[in-house]
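Heads up, the thing below is written out as structure tokens.
All of these numbers come straight from a predicted model, not from anything done at the bench. Hydrogens, waters and symmetry mates play no part in the numbers below; they use all other heavy atoms, side chains included.
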Amino acid sequence: MTEKNTLKKSATLAAAGLVVAGALLAGCGESKATPMDDAYAGNSGETEKSQEEQSQSQSNGSDSSDSSDGSDSGSSHNDPSTTTSDKKDTGNYKDGNYSINGQYGPVGEDSIDVHLTIKDGNVETVKIIGHPFTTISKNHQDDFAKAINGVVDGKPLKGLKVDKVAGASWTSDAFNKALEVARQEASIQE
């Protein structure tokens, strides 16, 4: 009889574990983007120091942040799940450089840094820096980064959206979320 009770307990615990895992993974696969000056963007991997080194130096009291990209450094919502800034897209954009981190993948394990230069309301240049989790992701990000300039350079920022570029559907989705944030960050607020 105890063996039967132990088996029931094990089955009950396994079922409960599946329910919890399902709840935790419910939002998986959703792309999101945040301005890189946002508290939730973190280290995009572009700095000379690794995240571990930055963490250690910040705990020792020194600050190694750098915001010399020329972008407007407005604040963002404090909700890390948001895909937008706190600014409204007015459709009228100021010239400048804007950096946005787009995160994607089944559990958000991949990300790209999108660096846009906006001039006269158009995308002048785009630079993509990938942060892949797997070799497959790296290949998609590299192909996307090589192809994206031919797709968006010279196009108006207003309403710009890309379809699957270079076979990279999730990377393209993250890029589109980054474009949404760029439109909000670049908007001239009245």
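- R183 places a side-chain N or O within donor-acceptor distance of the main-chain N or O of L157, the cut-off being under 3.5 Å.
- In plain terms, the two heavy atoms of Q141 and S111 that are nearest each other are NE2-O, 3.2 Å.
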Check step by step if side chain to side chain donor-acceptor pair (under 3.5 Å) holds for Y104 and T171.
-> CA-CA 7 Å; Y104 64 96; T171 308; 3.0 Å; yes
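- Partner S172 forms a side chain to side chain contact (heavy atoms under 4.5 Å, CB included) with one of V151, I148, V165, D163 and no other, that one being V165.
- No donor-acceptor pair closer than 3.5 Å links the side chain of N92 to the backbone N or O of I188.
- Between K138 and P132 the shortest heavy-atom distance is N-CB, 3.4 Å.
- The shortest side-chain heavy-atom distance between D95 and D120 falls under the 4.5 Å cut-off.
- Annotation: the span from N97 atom CG to I118 atom CD1 amounts to 9.0 Å, rounded to 0.5 Å.
- With a 4.5 Å cut-off on side-chain heavy atoms, L160 and N176 do not count as touching.
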Could you walk me through whether H115 and S99 pass side chain to side chain donor-acceptor pair (under 3.5 Å), step by step?
-> CA-CA 4 Å; H115 301 279; S99 297; 2.7 Å; yes
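- No donor-acceptor pair under 3.5 Å is formed between the side chain of E124 and the backbone N or O of K119.
- V123 and V152 get closest at one heavy-atom pair: CB-O, 3.7 Å.
- Contact between D153 and T125 at its shortest, heavy atoms only, is OD1-CA, 3.7 Å.
- Counting only heavy atoms from C-beta outward, the side chains of I100 and E185 never approach each other to under 4.5 Å.
- Under the 4.5 Å side-chain criterion, counting only non-hydrogen atoms from C-beta, K88 is in contact with Q189.
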Let me see the working for T134 and S137 under side chain to side chain donor-acceptor pair (under 3.5 Å), right down to the final yes or no.
-> CA-CA 5 Å; T134 65; S137 294; 3.2 Å; yes
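- Distance CG/D142 to OG1/T135: 10.5 Å, rounded to 0.5 Å.
- The side-chain heavy atoms of F144 and S169, taken from C-beta on, include no pair separated by under 4.5 Å.
- For the pair K177 and D173, the salt-bridge criterion is not met [side-chain N within less than 4.0 Å of a carboxylate O].
- Heavy atoms only, all atoms of each residue included: F175 and V126 are closest at CE1-CG1, 3.9 Å.
- For the residue pair D113 / H131, a side-chain donor-acceptor distance below 3.5 Å is found, with atom types taken as modelled.
- Between V114 and A178, the shortest heavy-atom contact is CG2-CB, 3.8 Å.
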